[in-house]
There are 2 protein chains.
Amino acid sequence: MEEIDRRIVTLLADDGRMSFTDLARETGLSVSAVHQRVRRLEKRGVIRGYAALIDHDAIGLPLTAFVSIKPTDPSAPDDAPDRLAHLTEIEACYSVAGDESYILKVRVASPAALEDLLQRIRASAAVSTRTTVVLSIPYEHRPPGLAPEEKPEAEPA
Amino acid sequence: MEEIDRRIVTLLADDGRMSFTDLARETGLSVSAVHQRVRRLEKRGVIRGYAALIDHDAIGLPLTAFVSIKPTDPSAPDDAPDRLAHLTEIEACYSVAGDESYILKVRVASPAALEDLLQRIRASAAVSTRTTVVLSIPYEHRPPGLAPEEKPEAEPA
DNA sequence: GGTGAAACATTAGACTC
DNA sequence: GAGTCTAATGTTTCACC
């Protein structure tokens, strides 16, 4: 991916509703050239989608936590992500190296709701949990700082 | 916040570029009524912004990790988030309860880049680090599942 | 708050270089 | 790939409930 695509991605990561007109001005391309590139980036999966960033306090989910999970039976097949997917409080699921197998990021209304969620996680996926409560969020969702150049592989001539 | 606003927030959290026309159809309101509500939600900070969701593999930052940090001198003033803000590899910073004081979510190009970043984190904020490498991401950025009703406080008549 | 309609801006696609 | 052109859509504002 080259310079201009990278610039487009950076701009959209920061403002997902930026118009093609503005993107064109920022990149020095014509509107339709930008339009074409954005569609291509979407099709290739570089841009996976667009989201509004929501204030979780305002929608009644003020409590964020990280829940690390470990299977109670390490020899059982590990399909925890599938088994947990129906729990809408889980915003993200990361498979990790280390003592535990996954880290979940969850958003709930209250400590009581967290307790209830933890029980549903343990029951759904046959796992033990270790929970780290988030006290405040200095920042989140910062756009990727893309380096000016990345040559992951040289093209053999 | 009531029913229709909640629906608008849910729809935009899932597709940040949905048009007002589509939002109007989904909510049963007129286009201008929806427009007004979205502007109000933005102004009140319920919608904090819009972002394109990027495939980090595609932009050359395939390695994600969680870095827990702890001050080397617990009596020093804690301004780690400010001191680390210039490091663009840090996507998010959470203040947490527990043994460590913050969890950082970082995205880098390679193990070598991670090693380098950890050194810069330690040097910038006078902290020790504990790093958990992410192996894969079953899911991430799922939209908040908003309950049909939330009455955080009853209105005294 | 809500509506409908007019003025304006953006987007999508066909076509050319 | 990028540019221009144009028809179709989408956005914004405003006067009126």
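By convention in this document, chain letters (A, B, ...) are assigned in the order of the sequence lines, proteins followed by strands, and residues within each chain are numbered from 1. Since the model is a prediction, treat every value here as computed from it, not as a measurement.
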Would you mind checking if [Y] and [X] are paired as a salt bridge, meaning a charged N to carboxylate O distance below 4.0 Å?
| X | Y | value |
| --- | --- | --- |
| B:Arg7 | B:Glu2 | no |
| B:Arg120 | B:Glu89 | yes |
| A:Glu100 | A:Lys70 | no |
| A:Arg107 | A:Glu140 | yes |

For the residue pair B:Thr88 / A:Arg142, report whether a side-chain donor-acceptor contact shorter than 3.5 Å exists. no

Does the side chain of B:Ser128 pick up a donor-acceptor pair with the side chain of B:Arg122 at under 3.5 Å? no

Check the distance between [N]'s [atom2] and [X]'s [atom1] and give it to me in whole angstrom.
| X | N | atom1 | atom2 | value |
| --- | --- | --- | --- | --- |
| A:His35 | D:dT9 | NE2 | P | 14 Å |
| A:Ile4 | D:dG3 | CD1 | C1' | 14 Å |
| B:Leu12 | D:dT11 | CG | P | 11 Å |
| B:Arg40 | D:dT13 | CZ | C1' | 17 Å |
| A:Ile8 | D:dG1 | CD1 | P | 12 Å |
| B:Glu42 | D:dT11 | CD | P | 12 Å |

If the condition is ring pair (Phe, Tyr, Trp, His ring centres under 6.0 Å), which residues does A:Phe66 pass it with, not counting sequence neighbours? B:Phe66, B:Tyr94

Closest approach of A:Pro81 to B:Tyr139 (non-hydrogen atoms, all atoms of both residues): O-OH, 2.8 Å

State whether A:Phe20 and B:Arg17 meet the cation-pi test: NZ (Lys) or CZ (Arg) under 6.0 Å from the six-membered ring centroid, and within 45° of the perpendicular axis. yes

Which of residues 23-33 of chain B sit near DNA chain D, with a heavy atom under 4.0 Å from it? B:Val31, B:Ser32

Heavy-atom nearest nucleotide on DNA chain D for A:Gln36 versus B:Met18: which residue maps closer to 5'? A:Gln36

Taking 5' to 3' order, which nucleotide of DNA chain C is first and which is last to have an atom within less than 4.0 Å of a heavy atom in chain B? C:dG1 to C:dT11

Examine D:dG10: is either OP1 or OP2 under 4.0 Å from a nitrogen or oxygen in the side chain of B:Arg17? Give yes or no. no

